Amino acid sequence: VRYVAESTVSIVPLRYGSGVKMKALEAFACGRPVVTTPVGAEGIPAEQGRHWLVAEAPAEMADAIVTLLGDPVRAAEMGRAGRALIETTYTLDAVSRGLKPYLQQLGLDTVPGPEATR
């Protein structure tokens, strides 16, 4: 995490894989802008140009990286947007809110919070 937090741009050049790509989420949590491939973007509800730059070919990846390195204001905005995405979608509170209707259908009135794991 230290290297991601200290980076200017996080690069997630995945060519294969499935499910949610934790490397991108880690970068978002650290408030870093992300450049990734379409495979790296799979499973994450982020928007092109707002949360990250998605590029297919190596030259497109390089261009996206250079763009963010050359525009620290845009890079910072994307980093903040990524961090906000984590806070609204992937925190325990956010996940609990999403699960609450399903748990209520099962007859459970409350969603266990962090104290339940202590």
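All values reported here derive from a predicted model rather than from experimental measurement.
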(message) With rounding to the nearest 0.5 angstrom, report the CG to CG distance, L25 to L85.
(response) 7.5 Å
(request) Without swapping roles, check the side chain of E60 against the backbone of A57 for a donor-acceptor pair under 3.5 Å. (result) yes
(message) Within the structure provided, determine whether W52 and V12 are in side-chain contact (heavy-atom separation under 4.5 Å).
(response) no
(message) For E56, I'd like to know if atom CD has over 12 heavy atoms of other residues, nucleotides or ligands within 6.0 Å.
(response) no
(message) Are the side chains of L53 and R74 in contact, using a 4.5 Å heavy-atom criterion?
(response) yes
(request) Could you pull out the closest heavy-atom pair between V34 and A24, with the gap in Å? (result) CG2-O, 4.2 Å
(request) Drop me the distance from M78's CE to F28's CZ, to the nearest 0.5 angstrom. (result) 7.5 Å
(request) Over all heavy atoms of both residues, which pair between P38 and V54 is shortest? Give the atoms and the distance, please. (result) N-CG1, 3.6 Å
(request) Report yes or no: do I11 and V4 belong to one cluster of Ile/Leu/Val/Met/Phe/Trp/Tyr joined by side chain heavy-atom distances under 4.5 Å? (result) no
(request) Please report the closest heavy-atom contact between Y90 and G43, naming both atoms and the distance. (result) OH-O, 4.0 Å
(message) If you define the side chain from C-beta out and look only at heavy atoms, does anything of T8 sit under 4.5 Å from L69?
(response) yes
(request) Look at the side chain of K21 and the backbone N and O of V39, then say whether any donor-acceptor pair between them is shorter than 3.5 Å. (result) yes
(request) Using atom types as modelled and distance alone, determine if a side-chain donor or acceptor of T36 lies under 3.5 Å from a backbone N or O of P13. (result) no
(request) Return yes if some donor-acceptor pair links the side-chain N/O of R32 with the main-chain N/O of S10 below 3.5 Å, else return no. (result) no
(request) Measure the NZ-CG distance between K23 and L14 for me, rounded to the nearest 0.5 Å. (result) 7.5 Å
